[in-house]
Each structure stands twice: as structure tokens, then as C-alpha cells.
Asker: 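Have a look at this one before I ask anything.
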Amino acid sequence: MTTELNRRTFLGSAAAAALVAGAASLRTTPLFAKESFAGLDAMAQAELVRKKEVTSLELVDAAIARINAVNPKVNAVVTEFFDKARETAKGSLPESPLSGVPYLIKDLNDFTGERRTSGSRLFANFKSPGTDPVPEKAVDAGLVVLGKTNTPEFGLMASTESLLLGDCRNPWNLEHSSGGSSGGAAAAVAAGMLPVAHASDGGGSIRIPASCCGVFGMKPSRGRMKLGSKPMPGDIGVENCVSRTVRDSAMVFSLSEDRSADAPLKPVGFVSGLSRKRLTIAFSTADYYGREPHADVKAAIEATANLCDDLGHIIIEAKNPLHGEEFIDAFLTVWASGPASLVELARSKGLKPEKVLEPWTLGLAEFFARKPKDALQKSLAFFAEAEAKTDAFMARYDTWLTPVLSRPAPKLGEQAPTVAFDKLYERIVHYVSYTPIHNVAGTPAMSVPLGMSKDGLPIGSQFAAAKGGEGLLFELAYELEQAQPWAIRHAGVYAG
């Protein structure tokens, strides 16, 4: 039975007080650096181009200068095609609210004529013959693509530390992970290289790095974007972006969503601001194992619940509708079916899998091989049950507030692909125990950068809604952004 929470119990906690004190002591910098445009979000940059106050080439050159200044420290951008971007910026660009703004594409996606490694030695020299649908939407919107961002091998990990591309470091603390699998995208935005970057999410890969790097990330509903002919098993993968401001993410979303006659969801369009509607918000800090997160994470999410309560929303304590052990076994069975196929692909090319695939990928393939022949079919059937339970849960609330992750960003190496499989398995499934449910259920969810750990690492708050509820989430995000602005808070490594 749910009970309404008393926000004063949160405010009275020592952990919450420490969190507020830590956030107040953070270094802040001006929003606008005239020479580099670093303080302007994508919408503001595009407006300068539209008013002919600057050219797209000036924005591109400034972004390239920022990348050159800080990327050697962070390793967020792993493929550069700056000359091609400059030529694009000089040419005729489509009319769009984002036309002329610099952009980066995640290295899991194809972009015509450029390298696409998927973070793996298996594809180290692969050149893309075409462009994937969501990056193509970015081009159609007049965004100028400068390069590709770092990702773990095939996006299979919650930390970006591939053997091919190297570690992507967190701009808030270079010894820590930027998250995964869109770690390069989040690190690039957090470090001020550019205001928004393409990202994708199959188990938390937009929300995890957004939380780790202190940026905003929205995972769309299943079917919201056309992804081409290669969906992930269980159709759990989606694409969008990470950004510093809510409006940038909302605009990229609106320009990317499926607006065709046979679109499975009614288009949302551009959500431009907050709503006066007060929401009923389910609230839980325990994961689907029933475990509580790190004390700093718990304090951060309780502080977010306090903030929502202060804004007039109704906070209701609720229990996760799924059982963790059963869920994670089914999820990783589906997740591991991809690596099993990759092992076969390597062998079909006459390559030794252990020479071109990482130990974690090989371990997942072995995990899948040990399963009964009908394991994948049963796991997908479980997905349908989990989706139904989540739908029933979400029908009782407007949105659901939880942590994004069980702890702040770990140090690099703790979740490296070379860690012994059993040890790494335990670390990952306990670290990532809040996000995959929304990939399985197909529900939209966002990481909102409201919290900080005592050690100065960002902590995101995850809000989810029923399928098709991205508009409601964007409206809430605008309200939270207005109440507790985060764009003025900059990482220690910042190009502005």
C-alpha cells in the first residue's frame, strides 16, 4: 500500500543537508563566452546564424577549437572529419531551428564515408556506405556533423573504456568513468565542446552517461524514432541526444521523431516550456532487488522529491513492480544474444574472436551459449510480461522518480572490459539496476542533472512516464531546470 511521503523527513536528513552544502560550493562560470560561443545552447547558436550575426562556419570553427583544447584530456571525440564539416558549413543548409549548429554522432552509428568502429577491433577499419536514419534526420535539420563520439564495444557496457578507442574520461573528475554507452557524447557536452550530441540507449545508455556527466538525457518511447532495419533483440534500443539544456533536447527530439502516416505514436512536436498541471509522482529509491543506493544517490533523489513537493506535485511512495533476479536474467539473456552472433561473425571472417573481441563481449557470448535453446524465446516472453506490469504500474501515476544508477560514477578500471567476467557481471548488474526496465517496457525516461555527490560528481534523477509521455516529461524537465538551473554549473575540464 502506497503512502504519501513527508518532505520534511527528507530535509531533516544529514545526507540531504550535506548534498545541498556540497552543491552550493561548486565553481560556477558565466553562461556566455563570446569568443567561443561555449555558453550558448544549440537553439541560441542557431538563432545567431538565422539573424546573420555569425555564420555556421564560425560556430564550427569555434567548436573545433574547443574540441582540440579539451579532447586530449577527455577522449570523447574519436573520429574527426573537420574539413568536411567546414565545407558543409560554407554551403547551403536546410532551414531549421538548429541549422548551422555543430553536432557529433555516436560511433555505433553509420555516417556516409566515415569510419564506424562500434568501439571494436572487429570493425576498426570499417567505412560506412550510408547514414543511419536518426543521424540522417540531424543532417536534414541542418546540424553540421564534426565527428564521432567514443563508445564501449558495441555499446555493451555502462562505462566507455574500449580496448580500441581508449578510456573516455569524466570531465568532472578525469579518474572517473563518463558512463556508457553514450559516454563520449555526454563527456563532449559536459566539457563544453558543443551543446548537444547524438546518443542512443538500449539499457540506459543515454541516461547513464547523462547522470555521470551532469547533462540532460531523454530516452524516447519504443517506436518513437525510425531506426532502420536492424532493431536490437526485444526492440529495446532507441536514439535521441544528450544536451546541456532541456530545449535543445526537446528540439532534437521533435526533428527526429517519426512523423510518417504509419508512425506507431502520435508525434509530440516541440515542447517549448513547462506546464501548470501538477503531477502525481511515484517515488522509490530501492532498485528491483529491493536494495537502496549509495548514500549520496539516496540523498540526491530525496532532494529531488523535496523539490517536486515544493513545486506542488504529489509524491507517493511506491514499490518497483518487477523482481530483480528474474528480470536481469531475462535481460542479459537477450543482451548476450548479440555478442553470440558477433563471435560467429568473427569466425565467418576467418578471425579468432579472442583477437578482435573484448573479454566482456566473449564472456557474454559464453553466457548465452550455456543457456537452453529456448532461453531467448522465454526471455522475450518475459519481456512482454514485464512490459504489461510496468504499464499497469504507470497507469496509476503521471511519472515515476527513481535513481538513474546505484552509485556515483566509478573510477576508470572498475568496469573495464578486461575485469574477470563474473566480477564484472556483479558490478554492472548492481550498478545498472534502475534503467533497463524502461527499455524492456518501451516507456520514456529521462535523467535530470539535479544532484551532486559529496566528492563533486553529478547524480541524475530518473523520471519515467507511460508510453508516448515524452511531452509530459519535457514539461516537467523545464520546470525543474527553471527551479534549479544546472547549465551554470561547469565541470573542472571545460572548454569555455
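The residues of the chain are indexed from 1 along the displayed sequence. This one's a predicted model, so the numbers in the text were calculated from it and none came from an experiment.
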Asker: Identify every side-chain donor-acceptor pair in residues 140-149 under 3.5 Å, counting partners at least two apart or on other chains, and give the distances.
Answerer:
unit_1 : atom_1 : unit_2 : atom_2 : d
K148   : NZ     : D107   : OD1    : 3.2
K148   : NZ     : N109   : O      : 3.0
K148   : NZ     : R115   : O      : 2.9

Asker: To check you understand the geometry: which heavy-atom pair defines the closest contact between S284 and P403, and what is its length?
Answerer: O-CD, 3.5 Å
Asker: Please give me the minimum heavy-atom distance between S56 and V49, naming the atom from each residue.
Answerer: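 That closest heavy-atom pairing would be N-CG2, 4.0 Å.
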Asker: How are the rings of W400 and H438 set relative to one another: parallel (under 30°), tilted (30 to 60°) or perpendicular (over 60°)?
Answerer: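 The arrangement is perpendicular - the two ring planes meet at more than 60°.
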Asker: Looking at C213, is its backbone amide N or carbonyl O close enough to the side chain of W172 to form a donor-acceptor pair, meaning the two atoms are under 3.5 Å apart?
Answerer: yes
Asker: Between K467 and E387, does at least one N-O distance fall below 4.0 Å, as a salt bridge requires?
Answerer: yes
Asker: Out of curiosity, C308 SG to I315 CD1, how far, rounded to the nearest 0.5 Å?
Answerer: 5.0 Å
Asker: For A466 and M394, which heavy atoms make the closest approach, and how far apart are they?
Answerer: N-CE, 3.9 Å
Asker: How far apart are the C-alpha atoms of S447 and Q462, what are their side-chain angles, what is the distance that settles it, and do they pass the side-chain hydrogen bond (donor to acceptor under 3.5 Å, both in side chains) test?
Answerer: CA-CA 5 Å; S447 176; Q462 178 173 249; over 6 Å; no
Asker: Under a 3.5 Å distance rule, please check whether H490 uses its side chain to pair with a backbone N or O of A487 as donor and acceptor.
Answerer: yes
Asker: Would you say S256's side chain and K137's backbone share a donor-acceptor pair under 3.5 angstrom?
Answerer: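 No, S256 side chain to K137 backbone: no donor-acceptor pair under 3.5 Å.
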Asker: Once rounded to the nearest 0.5 Å, what's the spacing between atom CD1 of I328 and atom OG1 of T333?
Answerer: 9.5 Å
Asker: So with a 6.0 Å cut-off around CD of E53, is the heavy-atom count from everything else above 12?
Answerer: yes
Asker: Give the intermediate values and the outcome of side-chain contact (heavy atoms from CB on, under 4.5 Å) for residues I316 and T280.
Answerer: CA-CA 7 Å; I316 305 292; T280 299; 4.0 Å; yes
Asker: Test R244 against every option in L194, D41, V189, V196 by the side-chain contact (heavy atoms from CB on, under 4.5 Å) rule and name the one that passes.
Answerer: V189
Asker: A side-chain contact here means heavy atoms from C-beta on lying under 4.5 Å apart; do S243 and V252 qualify?
Answerer: no
Asker: Would you name the heavy atoms of N439 and G202 that are closest together and state the gap between them?
Answerer: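 Answer, listing the atom of N439 first, then G202: ND2-C, 3.1 Å.
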Asker: To the closest 0.5 Å, what do you measure between CG (N170) and OG (S177)?
Answerer: 7.0 Å
Asker: Looking at the rings of F111 and F81, which for Trp means the six-membered one, are their centres under 6.0 Å apart?
Answerer: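 Close enough - the centres of the two rings lie under 6.0 Å apart.
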Asker: Whether the E153 and S162 side chains hold a donor-acceptor pair (N or O, under 3.5 Å, no angle test) is what I'd like checked.
Answerer: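 E153 vs S162: no donor-acceptor pair found between side chains.
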Asker: Taking M43's backbone N and O only, do any of them form a donor-acceptor pair with D248's side chain (distance below 3.5 Å, no angle check)?
Answerer: yes
Asker: Whether R50 and E47 form a salt bridge (side-chain N of Lys/Arg under 4.0 Å from carboxylate O of Asp/Glu) is what I want to check.
Answerer: no
Asker: To the closest 0.5 Å, what do you measure between CG (L450) and CD1 (I301)?
Answerer: 8.0 Å
Asker: Show the numbers, then the answer: is there a side-chain contact (heavy atoms from CB on, under 4.5 Å) between F463 and T402?
Answerer: CA-CA 7 Å; F463 290 87; T402 69; over 6 Å; no
Asker: Flag the pair F253 / F474 as yes when their ring centroid distance falls below 6.0 Å, and as no otherwise.
Answerer: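 When the ring centroids of F253 and F474 are compared, they turn out to be within the sub-6.0 Å range.
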Asker: Got a second to check how far L332's CG is from L364's CG, nearest 0.5 Å?
Answerer: 7.0 Å
Asker: Between F216 and E481, is there a side-chain heavy-atom distance shorter than 4.5 Å?
Answerer: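 Side chain of E481 against side chain of F216, heavy atoms only: no contact under 4.5 Å found.
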Asker: Calculate, to the nearest 0.5 Å, the distance between atoms CG and CG belonging to L279 and L401 respectively.
Answerer: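 If we round to the nearest 0.5 Å, L279:CG and L401:CG are 11.5 Å apart.
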Asker: Considering only NZ, NE, NH1 and NH2 on the basic side and carboxylate oxygens on the acidic side, decide whether K84 and E114 come within less than 4.0 Å.
Answerer: yes
Asker: Please report the shortest heavy-atom distance between P152 and L156, naming the atom on each side.
Answerer: CG-N, 4.4 Å
Asker: List the atom of S461, the atom of T304, and the distance in Å for their closest heavy-atom pair.
Answerer: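 In this case the closest contact between S461 and T304 is OG-OG1, 2.7 Å.
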Asker: Between S254 (side chain only) and M251 (backbone N and O only), is there a donor and an acceptor less than 3.5 Å apart?
Answerer: yes
Asker: Do R116 and F123 meet the cation-pi criteria used here (NZ or CZ under 6.0 Å from the six-membered ring centre, within 45° of the axis)?
Answerer: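 R116 over F123 ring: yes.
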Asker: Does R247 reach the main-chain N or O of A42 with its side chain, forming a donor-acceptor pair under 3.5 Å?
Answerer: no
Asker: Looking only at the side chains, is there a donor atom on one of S200 and K106 sitting less than 3.5 Å from an acceptor on the other?
Answerer: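 Yes, K106 and S200 have a side-chain donor paired with an acceptor closer than 3.5 Å.
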Asker: When you look at E470 and S221, which way does the side-chain hydrogen bond (donor to acceptor under 3.5 Å, both in side chains) test go after all the steps?
Answerer: CA-CA 7 Å; E470 291 94 332; S221 301; 2.9 Å; yes
Asker: Is there a donor-acceptor pair under 3.5 Å between the side chain of Y288 and the backbone N or O of E326?
Answerer: no
Asker: Would you call D110 and T131 a side-chain contact if the rule is heavy atoms closer than 4.5 Å?
Answerer: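 No. Closest side-chain heavy atoms not under 4.5 Å.
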Asker: With a 4.5 Å limit on heavy-atom distance, are the side chains of K277 and D398 in contact?
Answerer: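 Sidechains of D398 and K277: in contact.
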Asker: Going through the checks in order, is the side-chain contact (heavy atoms from CB on, under 4.5 Å) test met by L405 and V432?
Answerer: CA-CA 6 Å; L405 296 161; V432 184; 4.1 Å; yes
Asker: Please walk me through it: do V429 and Y289 pass side-chain contact (heavy atoms from CB on, under 4.5 Å)?
Answerer: CA-CA 10 Å; V429 300; Y289 299 106; 3.9 Å; yes
Asker: Is there a salt bridge (Lys or Arg N to Asp or Glu O under 4.0 Å) between E302 and K298? Walk through the geometry before answering.
Answerer: CA-CA 6 Å; E302 289 177 345; K298 185 175 176 64; 3.5 Å; yes
Asker: Taking E479 first and then R278, would you say they form a salt bridge - that is, a charged N and a carboxylate O separated by under 4.0 Å?
Answerer: yes
Asker: With heavy-atom distances below 4.5 Å as the criterion, would you say the side chains of T160 and P209 are in contact?
Answerer: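 The answer is no, as the side chains (C-beta and beyond) never meet within the 4.5 Å cut-off.
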Asker: Keeping S341 on the side-chain end and S337 on the backbone end, is there a donor-acceptor pair under 3.5 Å?
Answerer: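 Flag set: sc S341 to bb S337 pair under 3.5 Å.
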Asker: Can you check whether L165's main-chain N or O pairs, donor with acceptor, with N75's side chain at less than 3.5 Å?
Answerer: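 Here the side-chain-to-backbone pair exists.
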Asker: Taking the side chain as everything from C-beta on, heavy atoms only, tell me whether S260 gets closer than 4.5 Å to K226.
Answerer: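 Result yes, sub-4.5 Å side-chain heavy-atom pair found.
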Asker: Is there a side-chain contact between F126 and S118 in this structure, where contact means two heavy atoms from C-beta onward sitting under 4.5 Å apart?
Answerer: no
Asker: Could you check whether any side-chain N or O of N71 sits under 3.5 Å from a backbone N or O of A76, counting only pairs where one atom can act as donor and the other as acceptor?
Answerer: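 Yes, because the side chain of N71 sits within donor-acceptor range (under 3.5 Å) of the backbone of A76.
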Asker: Quick one: sort the Y103 and H198 rings into parallel, tilted or perpendicular, breaks at 30° and 60°.
Answerer: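 Taking H198 first and then Y103, their aromatic rings stand perpendicular (interplane angle over 60°).
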Asker: Quickly, which of K219, R207, R224 forms a salt bridge (Lys or Arg N to Asp or Glu O under 4.0 Å) with D201? Name it, please.
Answerer: R207
Asker: Kindly indicate whether the side chain of Q45, heavy atoms from C-beta on, has any atom under 4.5 Å from the side chain of P102.
Answerer: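 Q45 vs P102: side chains touch.
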